[in-house]
Each structure stands twice: as structure tokens, then as C-alpha cells.
Amino acid sequence: MRYKGLLLLIIFCNVYTVLKAQKTIKGTVFQKETRQPLPGASVMLYTEKSILKAQTISDEHGHFTLEHMPEGFFRLIVSFMGNRAEMIPVEITPKTTILTFDYIQLAASIKLNKIEIKGSRPLLSIRKDTIEFEAGQLRTAPSATMQHLIEKIPGISIDENGNIFFMGKPVKDLHVDGRAVTQEGGSTKRILEILKSDMADKIQIADKRNFSSAANPGESGKVLNITIKKEMKKGVRGSVAAGIGRNDRFNAGANANMFRTTHMVIADAIGNNTNTSRDPSTVSESPFMFSNQKGINKTYNFQVNAGGDFRKKLKASVFLSHQAIDNNSNEKLDRENILNNQTNFYTSNSTQDLHKDATTGFMIMDYQIHPRHKLNIIASLGRDKLVKNDQQQYQTLDGKGKMLNAGLLNTTDSSINLSYATTVNYQYKFNKPGRMAEFYAMILQNSMHGDQVNYNRNYTAANNTTDTLNRLIRPESNTTTVSAVVQYKEPVKNLFTLGILYGINHSHTSNQRTTFDFDNPKRQYIIPNDSLSYDFTNDNTTNTVRPVLELAKDKINFTASLDIAFLRITSNNLTTGEHYYYNNMNIGRNAMLTYKFNEFKSLLVSYNGVNEIPSPASFWPQVNISNPLYIQLGNPDLQPGFSNRLEVNYNSLSITGLNFAASIQGQLTDNAIANAINTDSTGKQVSRPVNLDGQQAWRGEITLGKRFKKPEISLTYRSIIRQQHNINLVNNNRNTTDNLTFTHILTSSFLYKSLFELTGTVGMDYNSNKYSLQPDSHYDYLRYNLFFSLNTFLPFNVSSGAAVNFIANTDARQQFTLLNLWVSKSFLRQKNLMAKLYAYDVLRQNKSITTTIGDTFRETIQANNLSRYFMFSITYFYGKKQPAKPGFSPL
């Protein structure tokens, strides 16, 4: 211990010496006439050759800091809108440690003097915890959508489903002018297509906050906010489009957006049978605009976003959406089930008809009752109605090709799902800075009811018998969850903050299923089947006490807490009279350390130890038994697991457009919830959840983004490696599944003057699985995805383009190229009218292929998909503004 203490002392002395040797410029900015500090003042340090060396902004107290400064002569320029800029000569010598400018005064400007500064305007700045990108520094092609602008930000990537990632972290919410337009990962696709790139002033990215206005340790969600230019806050802008094509294809849509200083409205309606969420007004394409949806879809969608400020204290946002989908698909499934030193093979061919009506909405209200009082209310609703008919022929073969079973499944399923949620957060700040009290409450209601008709015929080869099942199942479930949290924070000596939190969470679930067999003479489902009917309830109650310690000093921010949780689970099978009780006291552990090297570089280390509570559905049988070969049971003896999670994350941003992030995450779960699967000689499988030790996983990721101003190129590269060590039981034998995946994604965007724009995405996925039940087995496959889009802008207001998407899947032994072409011409003085000819899947190769490697199986699903069609469309754009720069007006 003596040597360890001496070693720590030596390391501390060395770190302290290095930190003391750093050369730092500090200062405070004031407004001369009012003598008040100026938050948000711009501070820039230039060399004698007018090259920007460093920059920052003043904080809420007018303070600023520039660190890691080199030696030499510089000019420090401090400016703030509406004030005269101040230039201060600066000399940093070898003996300099800290230069302090305590009282920099900026006088109000009557007439601004011209200050010529040679050097590039920075792409990004940091305001407290918000990263802000200047949209004007990201030049886009004519008619570009907001999505094309955002993709040019180094470090941002958008996948084929429209999900946004920044430096590897998911963007969960999208805001416009600070008002929410999506919540918790809601689809951003259509919003980013409706809004045009020339509307954006700034793109802001910040951490997603929890109810206490602080980032949760270990959580990594982001919020992206688009601020709209002042000149765009006039009139109403939008488009109306309609297209008709071969093979009865159609696509029509209309949208409108209106932005003001105090309110906004975004409305959109589309209808098509082209497997897409966009209308014909979009000129160029991107990866997520390519559709790999299975089958043929007919979609009708309407949504509206509205938000406003009322009486300067009240802000509200409302979102409402309704979608109707008709899907017809044909699928072929090939599954290989992993058993003890052998396998069996399950194949099926199915036809599915599906109709879905979905209505969703949310309302957010922020009421600043007083500068120290704040009330936040969020209410959401959802209703899904589903009607599905599935006809399936299947067979199971053993490892030698001998048939085990074969049959026919015919399922008609109709269900209605309802959900309601309301959260209330009240925050009170005392006169003493840092002292704060909060109250949070949430109520969530989920319900489902429906009818399911199953007609199954199964032939078993072992005994040469045929089973026929014909039944009606009426499931119904209701879950109510209530949560309440109270916490108090007290600062101590300007360094520490002590907090105490108490929370209670209660969930009640009732699940019923009534089953009737078919009465042949009466041709009705009226014979009760008690063996397949049940009624059970489940109650989960957790009481948590959390003491919290926070430390904030200079570059270090540290938070630690203990979750003393009292858990009670009660399950009652009212059909059989069985009862289950589980009581446990557990101590969760949370810690997060953030070290900021400077405003642009930071290191985060976080640890979480939390309970993994089983879902109510895992205690008792599942509702859907449409396939008699795969039966899933519950386990009334199931217990919670405990998960330990560790994350280390490094972020580096640069005003020159070079961004880098690296992270590694690890997770070890004790008493994890896993699957126990039993397969008999006829090919039937029965699974149930069990508790097993040994599950672990880790994930590493690197994101590198670079923006080149000349030529105008944006590059973002993501590399992800995952390793999962899962435990399960197969026929009472312990099976270890080791899964390893590599993912590489490179996205690029190149704009050449106003002549053409080239975008591209190259992706590669490697997936490998090993099973301890079969020591010599090794399943792996590669999936390649190459996308390129070229859009050219020709004389006479003509635009043409091509997009190609190449996908190869070595597991399915399939590859195809999807090629789309288009040409358009704009008319009228402001190019308000556009005619477009579009050709989809010119090579007629489009396919839908999905490969899944699970803990005890691997499968490939191939489905029919939309094939070649040609479409002619007309689009009218209204409310267009004059271009800000010659040659860059929207089409």
C-alpha cells in the first residue's frame, strides 16, 4: 500500500506540473454603459497573419478561457452584436502561464467600424453544452432538403431508416426553433424532406436531458435543433405534387410550413403505392429514401406539428399523425435451428395481407411561472388498429434431410392497441444558487384487445398422424404504470452539491385470454377451451432512495449516487390459483466523471449498476399461438437480474471541421433473463425464460468526420465492433453463443459549384456466430451496401440525376443493383412549377432480403418487392423566397 500511495503521489505531482505549465488566457467581458457582464460575447485569437488560432464565447457571467496557447504575438478580438469590437494585443512568452483581462468593456456602437479579419469563419461554436453549426458554412445544391444540409455536418450520419447519429450517439428528438417536432426517436424522415436547406440559420446539437434538466449518467441520446432564418419567418411555404405511372403506380402529396417568432406550423399529407414516405417534389435522393420494404404497400399519411409562445411565459407544442397502410407480401423463410451437435431446418412460404390504422399524438407545455418556478407537462396518445391474414405452408427437416413435419397455417388476427401517457415536472429554484427542489409524476396506460382465428393442420412424420386445430382466441391485456419522484439539491462550499431523491414506481398488469374451439354442426366458435384460456395479474412495485453527490471544479464534473431499491413482484394466476411473490432489497450504483480538456475536447467515464426487471408477459403464457410448432411459455419463478455497465467516451471537435469520437462500452449481467428451449423428435419447440449467469457484451465505436471547404466535401466514417457472450439452454444443455459483428460506414457529399452534387454511402457488415453445442460450427456472413447519387443542374432550368444502390448478402447468396433515374424541368420566373420524369428500378433487380443470426438459430427471409415503374409528376412550390446568393435559388 505504501508503494501504491507513493506512485499515486508522483502521478498527481506530474499531472499538476503539466497543468500549471499550460498557457492560458482568461478574461471577463462587460457592457460599458450598463457595466453588466456580457454572456455570449465572441472571443477570437488571431495570429499576426490574421489566421484564427482559437475561439470561444463568454459564459453567463461574462467569463471566458482560452487554453493550451502557443507562444508568440497575437490579436485578441472581442465582439458582441450591437457593440463595438475590441482588439487587444497579446504576447505569450515562455514564462507566461496565465494572462488575465479582468475588465474588457464593449461600448454600444452607433456606427460600426469596419474590421477586416482575414481567415475562415468557424464552422462550429460551443455555447455552454450546445454545439452550434453555422448553416451558411454548409453550402447546398439548389432545391436541397434539410436532410441534405444536415448530412454535410462532419460527424453526422443518417441510416437507411432515417435515424440520425451524431458522433455515434443517436439523435432521439428533433426540434425546430426550440419546439419539439418528434419525441423519443420518432421518425424524422418527412420533416427533413419538407423543410428546405435555405431555411436554416443554425444547426444545434445538445445532450437529451431528463426531468431534472441534467443528463442521466450513461445515457447518450442527443437532441437536434434547427433554427430558422428571420427572413424565412414570413408567409407560408410548401408544395403540392401529384404523379401517375405505369402499373397503376401513383404518388401525391401536399405540405405547408409557417414560421414566426412566436409560433410555427408544419402540415403534411401524402398518399402513394410506391413503398415510400415522400411525395414527387423531392429532386435528389439519399440512402434512406430507398425502399427495401417487403411486399407492396399502399400508404396514406397525414401529420401536423404546431407550436407557439403565449404571454411570454407559456410555450406549447402539439403533434398529431394518422397513417393507414395496406400491405400485401409473399415471403420465403429458411431457418436453421441449432441443437446438440446437430441441426434441423424449417422452411415456409407465406402470403400476408395486412391493414393498419395508426394514430399518434403528443402535447408539450412549458410554463415559466416565475424566474425560479417552472412547470413542464407532456401528454401523449396512440391508437393502432391491425387486421392481418397470414397463410403459410411449412415443413421441418432433420440434419439428414428427413422430413419431421409439414403443415398449413391460416391465421386471421385483428387487434386494437391503445396507449395514454402524461408526465408532470415541477422545478423550484431557491434564492441560493444551486439549491433546487423538483417533483416528477407519470401515469401510463396501455391496453390491447382483439380476436385471433387459427386454423392449423400439422402432419407429423414420426407417427404418420395429422392434427387439425381450429380455434378462436380473444386476448385482452391492460397495464397501468404510475411513477412519482421527489428530489432536493443543496450546494456546499461552491464545489459540492448534495442531493437526495425518493421515487416510487408501481405497475399493474392484467392479462386474459378466452379460447373457443369450432363447433362443426353449428359452424361457430362456441366450445370453451379451458386448457388454452387463462387470467392472471402482475404487480411490480419499486421504492428507491437515492443519495447523490456532485462535484464541479474547473474542468472536472463528477456525479455519484446509490440507488437503494426495495422491489416487490406479485403474480397471480387466477385460473389455476397459483400465486408468486418476490421481495428484494438491492443497491444500485451510478457514477459519471467528465473531464473537459477545453471547450472542444472532453472525456467521459460512467458506470451504472441497475436491476433488470422481467416484463409481466414473461411470467405466464404468451397470447399469440398462431404457429403450433413454436410455443412460448412463461416462468412464474423468474427473478430480476442485475446489470453492470461501464462506458468510456472521448470527443474532440474542431472549428476547422475535423471531429473525432471514440467510445467503448461493456456490460455484465448477473442472473440474466435467458431462454430455455426444448425440441422434440417431431420438430416442435417449447421455450420459456429462465435466469442464467454469464451474459456479457461490449461495444467499441469510432466516428471521424471532416469538412473540407475547398473543395466542398463532407466525410463521416463510423466503425463499430460488438461482441456478445449469451447463455441459454437447449434441451437442458447449457449453450454459449458468441456473436461478433463489425460495421463500417463511410458517407460523403461533394458539391461542385452549382453544377452537380455527388453523395455516397459505403457500408459493410460482418456477422459471426459460434455455438458451444456445436464446437466445430462457425456461421458468418458479409453484407455490403453501396449507394451513390448524382444530381446535375443544367441550363434552361433542367436537372437530371441518377441513384444506384448495390446490396450483396453472402448468407443468402444474393446480390442486386437498384438503379433509379430522373430528369426535371422548372418553369415560371421563380421556378415555382416543376415537371419530372422518374424511373424506378430500371434494371428490374430490386429484392428484399433479411438475415438474422440468433442465440439458437439463423434465418433468412426473402420477400417480394416493388419492381420497375415509370412516373410523371407535376409539382407546384408556393411561398418561395428570393435566393440569398446568386445562383443558389430553390428549384
Side-chain angles (χ1 to χ4, degrees), residues 158-163 187 189 245-249 251 272-278 285-299 301 323 325-336 346-356 386 388-394 409 411 741 743 745 761-767 781-789 803-820 838-854 857-871:
I158 304 178
D159 67 14
E160 58 189 10
N161 296 315
N163 300 310
S187 177
K189 283 185 179 182
R246 293 185 59 188
N247 303 322
D248 297 323
R249 298 295 138 215
N251 193 350
N272 62 60
N273 58 359
T274 56
N275 286 19
T276 183
S277 62
R278 70 185 190 277
E285 298 191 346
S286 63
F288 76 61
M289 292 180 182
F290 272 92
S291 168
N292 200 29
Q293 300 178 32
K294 66 179 182 180
I296 306 298
N297 293 277
K298 183 183 292 184
T299 303
N301 186 71
Q323 185 180 64
I325 299 176
D326 286 305
N327 171 269
N328 177 268
S329 64
N330 300 306
E331 293 183 6
K332 180 183 179 182
L333 181 148
D334 293 296
R335 171 183 286 195
E336 183 175 355
Y346 175 85
T347 63
S348 70
N349 289 278
S350 62
T351 300
Q352 184 182 95
D353 292 302
L354 177 148
H355 176 79
K356 180 179 180 181
L386 180 71
K388 180 175 65 173
N389 181 267
D390 192 358
Q391 296 182 353
Q392 183 180 153
Q393 289 183 323
Y394 67 87
L409 306 177
T411 304
T741 62
T743 301
I745 306 171
T761 298
V762 179
M764 186 276 286
D765 290 306
Y766 172 75
N767 199 312
Y781 71 93
L782 283 166
R783 181 179 182 270
Y784 301 96
N785 188 358
L786 285 78
F787 166 83
F788 294 99
S789 175
V804 59
N805 198 23
F806 172 78
I807 294 178
N809 187 319
T810 61
D811 183 73
R813 296 179 178 85
Q814 293 279 355
Q815 66 181 43
F816 65 91
T817 302
L818 179 61
L819 174 64
N820 298 346
Y838 183 82
Y840 178 84
D841 189 19
V842 176
L843 304 178
R844 190 171 280 180
Q845 294 186 9
N846 192 28
K847 293 184 178 69
S848 174
I849 304 171
T850 304
T851 297
T852 303
I853 295 185
F857 69 92
R858 64 169 187 161
E859 70 178 22
T860 300
I861 299 176
Q862 298 188 51
N864 67 316
N865 208 330
L866 191 64
S867 189
R868 181 195 298 171
Y869 71 85
F870 299 89
M871 178 169 287

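Basis for what follows: all heavy atoms, side chains included, without hydrogens, waters or symmetry-related copies.
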Atom [atom1] in [X], atom [atom2] in [Y]: separation rounded to 0.5 Å?
X: I853; Y: E336; atom1: CD1; atom2: CD; result: 10.0 Å
X: L354; Y: N389; atom1: CG; atom2: CG; result: 10.0 Å
X: S348; Y: D334; atom1: OG; atom2: CG; result: 8.0 Å
X: N272; Y: N251; atom1: CG; atom2: CG; result: 4.5 Å

(message) Checking K332 against N864 for the side chain to side chain contact (heavy atoms under 4.5 Å, CB included) test, could you report, in this order, the C-alpha distance in whole Å, the side-chain angles of both residues, the deciding distance, and whether it holds?
(response) CA-CA 9 Å; K332 180 183 179 182; N864 67 316; over 6 Å; no
(request) Give the minimum heavy-atom separation between T817 and Q845, together with the two atoms involved. (result) N-OE1, 2.8 Å
(request) Return the minimal non-hydrogen interatomic distance between S329 and G295, and the atom names on each side. (result) CB-CA, 3.7 Å
(request) Among Q862, Q352, K294, find the one that has a side chain to side chain donor-acceptor pair (under 3.5 Å) with E331. (result) K294
(request) Apply the side chain to side chain donor-acceptor pair (under 3.5 Å) test between D765 and each candidate in N785, T743, T851; give the one that qualifies. (result) T743
Within the 4.5 Å heavy-atom criterion, are [X] and [Y] side-chain neighbours or not?
X: R335; Y: L333; value: yes
X: I807; Y: R783; value: yes
X: Q392; Y: N349; value: no
X: D326; Y: H355; value: yes
X: V762; Y: F788; value: yes
X: F870; Y: Y838; value: no
X: T850; Y: T860; value: no
X: I296; Y: L866; value: yes

(request) Check D248, T274, D841 against Y869 for a side-chain contact (heavy atoms from CB on, under 4.5 Å) and give me the one that passes. (result) T274
Side chains of [X] and [Y] only: does a donor on one sit below 3.5 Å from an acceptor on the other?
X: N330; Y: T351; value: yes
X: Y781; Y: N809; value: no
X: Y840; Y: N846; value: yes
X: N327; Y: N297; value: yes

(request) Output all residues satisfying salt bridge (charged side-chain N to carboxylate O under 4.0 Å, His left out) with D811, sequence neighbours left out; order by chain, then residue number. (result) R858
(request) Could you tell me whether a side-chain N or O of T810 sits under 3.5 Å from a main-chain N or O of L782, the two making a donor and an acceptor? (result) yes
(message) For the backbone of M871 and the side chain of R246, can you confirm whether one donor and one acceptor N or O come within less than 3.5 Å of each other?
(response) no
(message) Run L409 and Y394 through side chain to side chain contact (heavy atoms under 4.5 Å, CB included) and show every step you take.
(response) CA-CA 8 Å; L409 306 177; Y394 67 87; 3.6 Å; yes
(request) Any chance you could lay out the side chain to side chain contact (heavy atoms under 4.5 Å, CB included) test for K847 and N865, step after step, and finish with the verdict? (result) CA-CA 6 Å; K847 293 184 178 69; N865 208 330; 5.9 Å; no
(message) I'd like to know whether D353 forms a side chain to side chain donor-acceptor pair (under 3.5 Å) with N328, so could you lay out the CA-CA distance, the side-chain angles of the two residues, the decisive distance to 0.1 Å, and finally the verdict.
(response) CA-CA 5 Å; D353 292 302; N328 177 268; 2.4 Å; yes
(request) List the steps, then state whether side chain to side chain contact (heavy atoms under 4.5 Å, CB included) holds for F857 with E859. (result) CA-CA 7 Å; F857 69 92; E859 70 178 22; 3.9 Å; yes
(message) Going by ring-ring contact (aromatic ring centres under 6.0 Å, His included), name the residues that satisfy it together with Y784, two or more places apart in sequence or in a different chain.
(response) none
(request) Please indicate whether Q814 has more than 12 foreign heavy atoms, meaning atoms of other residues, nucleotides or ligands, lying under 6.0 Å from its CD. (result) yes
